[in-house]
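Here's the structure we're looking at; comments come further down.
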Amino acid sequence: MLDARYSIRSHVAGELRASHSGEEVTVAGWVHRRRDHGGLAFVDLRDRSGIVQCVFDPDESGDAFPMASRIRPEWVVVVRGRVRPRPEGTVNPALPMGDIEVVVTGLEVLNEAVTPPFEIEAGIETDEVTRLRYRYIDIRRPEVLAALTLRDAIAQRFRRELEDRGFLEVETPMLTVSTPEGARDFLVPSRMNPGDFYALPQSPQLFKQLLMVGGIERYYQIARCFRDEDLRADRQPEFTQVDIEMSFIRTDDILQMMEEVMLGVMHAAGQELTVPLPRVTWAEAMERYGSDRPDTRFGLELADVSENFATSGFKVFADVLGRGGAIKALNAKGAGDWSRGRIDALNDVAVAAGAKGLAWVAFPSDGEVRSPVAKFFSADETEGLKAALAVEPGDLVCMVAGPRTMTNEALGALRLHLADELGIERTGFETLWVVDFPLFTWDEDSGTWQASHHPFTRPFDEHLGILEESPGDVLSYSYDLVMNGLEIGGGTLRIHDPKVQKQVLRVLGHDEERASEEFGFLLEALEHGAPPHGGIALGLDRLAMLLVGARSIRDVIAFPKTSSGSCPLTGAPAGVSPGQLKELHLRAE
RNA sequence: GGGGUGCUAGCUCAGCUGGUUAGAGCGCCGGCCUGUCAAGCCGGAGGUCGCGGGUUCGAGCCCCGUGCAUCCCGCCA
């Protein structure tokens, strides 16, 4: 909370109340608005704490009175005056300081200001480039101030909760080494080592593991991370993680610890959280919601109807089942009367998400079944489908057949689309853990196994035996914190046995030599007495975005970049002088 | 890399099937005004219609190209 200490003022605007009546005060801030009646003028003075009405009255304001007509919005002023209750009939109950005003006895202009490019007001929808170009003006607007304030409350609460639990905040390097996996790195050329580059960290992952080997045991950091990938509403090239790592833990330990921390953080943001949080395995999340970060604020769950069509004469379904695939369905309640065009749009969504196509059966409220595929179903199959999905008149059954994961993902995308189309309310906060992710994911393009999370994720102990024979079946000690369908955090237990670490790297296609070249320092560290450890990283920006109710992560970052990674305020990124390039041993293309 | 949407006054927007002087609200400037609080009333200034090319007697509007923004897909361990 802003207060008047250590400043030229006696009070801040937002603290003045009727109880200050009669006091001589000095306030300072920006001219918010001016209402000049000629013989009497009102000036709203704004500082970070709020707004107070100042009255220029010829009988009371003396030499300061003529100033009222000179000053302009956003000028910076100091006002001396006397607090008094507003005259009867002029109280404004809509404003926090609506029952008092400051009668001006002196005014000093500290700085004039040009007319701002847009108004300092809540609820205006100015083009984002303009807002970012003049971000220092934008920050004066109440929404931006509120977002930054809430973000601060969240960050402070994280610190407090973690400090209370014995965590040590340790800073890790921003100039580090490029590692092969993951996102594209931002590179920084080294002047002193021609041709060599630092990389900005994608996360402090390796360092926090080294800290565990170093015996820190409980580490956290509110850390800036950098990834040079294309941006989205919830992705910036630099973003902030609440990065956490602990030694001598099991999965339950960190999940419980995080639930307690999150309880406090949500509270600081004025929200409730019920713990323990639900835990859903990755497999279950995929089966029920078609997503590894399900939005559980609404139903529309997927059903497996493979059994129902086990002996189906419908060739498409039979082929899929024959190849070990699945037939999944969801019931879009209330879409049974939709036009053909509207249903075709659903098909497009499913296809865009990987499905070969969407098989649908509409059950209009007036009875007659509409469907391009139902004619291939037996009566039993149609009845079974209705039973499985609790179909009522007015419903639309959407089906996708294919390899299981792709089918789930396609229906998962359709599920989210339908939630919007059907106007399903999504309010409040639904938070859960998604746990037990597969250790590896098969990458069709490269024909290799990729780490689902990162290459240091610890496989289930009971799966160590099948690590190399059957990588696709290996699960990992992993957990994502999901809120309202957004992944706001994720973590894993780490491999602390160098032999296991090498095995995993081998599955990922890194032979001994390459592994030691790329992660040698970590493998070496693991040989020097590494405790079992694990951790989590939370996306502070995303969490703040959710809790602020913002649509974009940019709204909770003081100086964000546009979607092409540029900063309209500073002009970054920008060219540099030939001399700078030469010094860095670089040539621009 | 691909797709959608947008770009007209400082800001937010309107501008019909192409038609002669491109509009509104807010803001800004000036004047009047002693109880407003989005003050009010009167007057005024302010435009490379994102940029380049083309079609046309004529382009803010149609065509081609391009830039920027934004949302999404790919990408983001």
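Proteins come first, then strands; the chains are lettered A, B, ... in the order of their sequence lines, and each starts at number 1. Note that the structure is predicted; figures quoted are calculated from it, not measured.
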- Query: For Thr457(A), which contact category applies under a 4.0 Å heavy-atom criterion: base, sugar-phosphate, or nothing?
  - Reply: nothing
- Residues touching RNA chain B, which here means a heavy atom under 4.0 Å, drawn from residues 227-234 of chain A: Arg227(A), Glu229(A), Asp230(A), Arg232(A), Ala233(A)
- Message: Show me the pairs that pass ring pair (Phe, Tyr, Trp, His ring centres under 6.0 Å) and involve residues 479-516 of chain A, at least two apart or across chains.
- Response: none
Please produce a list of atom pairs where a protein N or O lies less than 3.5 Å from an N or O of nucleotides 34-43 of chain B.
unit_1 : atom_1 : unit_2    : atom_2 : d
U34(B) : OP2    : His37(A)  : O      : 3.2
U34(B) : OP2    : Gly39(A)  : N      : 2.9
G35(B) : O6     : Arg84(A)  : NH2    : 2.8
G35(B) : N1     : Glu101(A) : OE1    : 3.4
G35(B) : N1     : Glu101(A) : OE2    : 3.0
G35(B) : N2     : Glu101(A) : OE1    : 2.4
G35(B) : N2     : Glu101(A) : OE2    : 3.4
U36(B) : O4'    : His37(A)  : NE2    : 3.3
U36(B) : O2'    : Arg35(A)  : NE     : 3.4
U36(B) : O2     : Arg35(A)  : NE     : 2.6
U36(B) : O2     : Arg35(A)  : NH2    : 3.2
U36(B) : O2     : Gln53(A)  : OE1    : 3.4
U36(B) : N3     : Gln53(A)  : OE1    : 2.8
U36(B) : N3     : Gln53(A)  : NE2    : 3.1
U36(B) : O4     : Gln53(A)  : NE2    : 2.9
U36(B) : O4     : Arg86(A)  : NH1    : 3.1
C37(B) : O4'    : Arg35(A)  : NE     : 2.9
C37(B) : O2     : Gln53(A)  : OE1    : 3.3
C37(B) : O2     : Arg86(A)  : NH1    : 3.4
C37(B) : N3     : Arg86(A)  : NH1    : 2.6
C37(B) : N4     : Thr90(A)  : O      : 2.4
A39(B) : OP2    : Arg33(A)  : NE     : 3.2
A39(B) : OP2    : Arg35(A)  : NH1    : 3.3
A39(B) : N6     : Asp36(A)  : O      : 2.7

- Query: Considering only heavy atoms from C-beta outward, does the side chain of Asn484(A) approach that of Arg297(A) to under 4.5 Å?
  - Reply: yes
- Note on the structure: Note: contacts of residues 557-575 of chain A with RNA chain B (heavy atom, under 4.0 Å) are Thr562(A), Ser563(A), Ser564(A), Ser566(A)
- Message: Suppose we screen for ring pair (Phe, Tyr, Trp, His ring centres under 6.0 Å). Which residues come up paired with Trp449(A), at least two apart in sequence or across chains?
- Response: Trp442(A)
- Residue pairs involving residues 39-88 of chain A (criterion ring pair (Phe, Tyr, Trp, His ring centres under 6.0 Å); sequence neighbours excluded): His37(A)-Phe42(A)
- Message: List the residues meeting ring pair (Phe, Tyr, Trp, His ring centres under 6.0 Å) with Phe519(A), not counting sequence neighbours, and say none if there are none.
- Response: Phe456(A)
- Message: Suppose we screen for salt bridge (Lys or Arg N to Asp or Glu O under 4.0 Å). Which residues come up paired with Asp138(A), at least two apart in sequence or across chains?
- Response: Arg131(A), Arg135(A), Arg141(A)
- Message: So, using side chain to side chain contact (heavy atoms under 4.5 Å, CB included) as the criterion, who are the partners of Asp348(A) when residues are at least two apart?
- Response: none
- Item | Under 4.0 Å protein heavy-atom contacts per nucleotide of nucleotides 2-14 of chain B, with B for base, S for backbone only and - for none | --------SSS--
- Task: For residues 86-95 of chain A, pull every pair meeting salt bridge (charged side-chain N to carboxylate O under 4.0 Å, His left out), keeping only residues two or more places apart or in separate chains.
- Result: none
Restricting to nitrogen or oxygen on both sides, can you table the protein-nucleotides 46-52 of chain B pairs closer than 3.5 Å?
none

- When Arg82(A) is tested against each of Glu23(A), Glu101(A), Glu60(A) for salt bridge (Lys or Arg N to Asp or Glu O under 4.0 Å), which residue passes? Glu60(A)
